[in-house]
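All ligand and atom numbering here is 1-based and tracks the order in the structure. We use all heavy atoms of the structure for the numbers below, so side chains are in, but hydrogens, waters and symmetry mates are not. Numbers for residues simply follow the sequence, beginning at 1. Nothing here was measured: the structure is a model prediction, and the numbers come from that model.
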Amino acid sequence: MTDDATPAPETAGGAPRLPEPAWWTSAVVYQIWPRSFADSDGDGVGDLGGIRQRLGHLHDLGVDVIWLSPIYRSPQADAGYDISDYDDIDPLFGTLDDFDALLAEVHALGMKLVMDLVVNHTSEEHPWFVESRSSLDSPRRDWYVWRDGGADGSLPTEWRSFFSGPAWALDEATGQYYLHMFATAQPDLNWENAEMRAEVHAMMNRWLDRGVDGFRMDVINFIAKDPASLEPGSPRFVMGERIHEHLQEMHREVFAHRPDRELITVGEMPGVSVDDAVLFTAADRGELDMVFQFEHVGLDSGPDSKFDNRPVELVPLKASLARWQDGLAERGWNSLYLGNHDQPRSVSRFGDDGEHRYEAATLLATVLHLHRGTPYVYQGDEIGMTNAGFTSIDQYRDIESLNWHAERLAAGDDPEALLEALRTRSRDNARTPVPWAGGAGAGFTTGTPWIDVAAGRPELTVEADRASSGRSVFEHYRRLIALRHESPVVALGAFELLAPDDDRLWAFTRTLGDEGLLVLANVSGEPYELDPALHPSLRRRMLPEVVVTNAPGSTGLTLGPWEARVVRA
Ligand code: ISL
């Protein structure tokens, strides 16, 4: 977080408009989902000790920042996104001492550590909620969103929770309903309450004082609950009017007085528009450094549900990312991701997880990392991990998947069709253990993993990928990350999409002053003949110098299946 940070493209004269681009414009973030990263004590669940043992892997990869999904004390109803104590580590993952040791080691290796901040809701077991629900006149009653039902027994509003069923749960003892946008075990906090906000700011300050380097903020655009929208019949909202006010206050109370620290903030924002994102991330507004937007990961969802899965089409996919590139070119900043712990594995979703898995995984990485913004690598993507391939409902663990499955089954849907939908869209696809090595526990655990290792690919391990000379996904990521570090055109260059209507070629340029790059990617399993009219550099007698490729032998005008090539232009 810096206050003078919005990086501007070069002016026509070639002189940068602003003194120094923010440090995170050339940084790459790696997301650890701790449960499935590495288990050090044999209980089958990943932990802080496991992360400490594997820091060398991340250092070799060259990432700048590690973001940890929640490790706070939690009943684990939603894998840690239901927090019962913001100031402690869940015993599943370790202790505060383990955390301090991890943080010191991360810093000693020259990396930064970012925590997940989940403050749209708490766990129902958080002492704040226990007190809030204890009586109608509890001093903390107003810290959560309570409403009366209708006289006819109807719910306060018709909102549905993201995890199936109504978004309101009746508290029998006090006779009122509380709002939960996610599980019933995740009551929403009331951000209208200033005392509650001050407690959240104090908690954030304690973590920054402890040494963490910033926050990834869970569904942070949901925190502003506009009281008017909570009336019966009102449409579902995601962003109340006070959202910018809350984020500016948080910036003032937590970040603004630490100008000497290199911090980073990224807000997760389902439903955010490009125009909103500019307001959230413009440096002069003092809100956030960047946001996770959801447009490109919603393109294959049906109108009512993500489980109503559609094929991903290249033309709208690249158009969507290009729109965000254009929208945040002058003000604000993009974060770049194709996968995380809520999304299917990117190579299975956007690529080919069969015959051309290596090429497709490296193509997707190349295209993403050559966009303008801060790239996020989700654990396992650096070896091209694929979807889980589960065949039975008993293998699933995720509350969203299990609730949806139970609801649809009760409604009479075809059980096989439900399993097929989960196979493509369940969040568990990205939550299987990282396979460090071969064998029963896949080098992840000496015990029984809490969730099955992804099916059918015993050969796909970190060890094997890193050893496979010339075809290592990890090595390809390493090159891309190094390229961003050493090459300002990758970090800051202007973006222009080429051939927007081509449904197999993903091509664009990046330009900064005299430097130019041309990115060419064949998003198909068939060879692709480049048209020299695409770009002047393809019309020269000498073909342009290759900067990165996933098919080293190939330099002519034909791109092989899933070939990606970055050339000087
Ligand atoms: O997973 C999703 C798609 O089905 C999203 O709707 C997701 O629930 C949304 O992106 C919010 O995600 C975040 O908050 C949730 C938590 O379950 C997710 O893991 C987290 O990333 C509630 O805290």
Subject >> Ion pair check, Glu192 and Lys225, cut-off under 4.0 Å >> reply: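 No.
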
Does the structure place the NZ or CZ of Arg242 under 6.0 Å from the centre of the six-membered ring of Trp191, at an angle of no more than 45° from the ring's axis?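 Not flagged: Arg242 not positioned over aromatic ring of Trp191.
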
Just let me know how [X] lines up against ligand 1, side chain, backbone, both or neither, with a heavy-atom cut-off below 4.0 Å.
| X | result |
| --- | --- |
| Lys306 | side chain |
| His180 | neither |
| Phe163 | side chain |

Check: of Asp342, Val297, Asn120, min heavy-atom distance to atom 7 (C) of ligand 1 comes from Asp342

Heavy-atom proximity to atom 13 (C) of ligand 1 ranks first, among Val118, Asp218, Val119, for Asp218

How far is [atom] from the closest protein heavy atom, and which atom is that?
| atom | answer |
| --- | --- |
| atom 9 (C) of ligand 1 | Glu268 OE2, 3.8 Å |
| atom 6 (O) of ligand 1 | Phe162 CD2, 4.0 Å |
| atom 4 (O) of ligand 1 | Glu400 OE2, 2.5 Å |

Quick note on ligand 1: atoms under 4.0 Å from a heavy atom of Phe294 include exactly 10 (O)

Near Asp78 (heavy-atom distance under 4.0 Å), the atoms of ligand 1 are 15 (C), 16 (C), 17 (O), 22 (C), 23 (O)

Item to check | Heavy-atom closest pair, residues Trp128 and Leu189 | outcome: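 Heavy atoms only, the tightest pair is CE3-CD2, 4.0 Å.
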
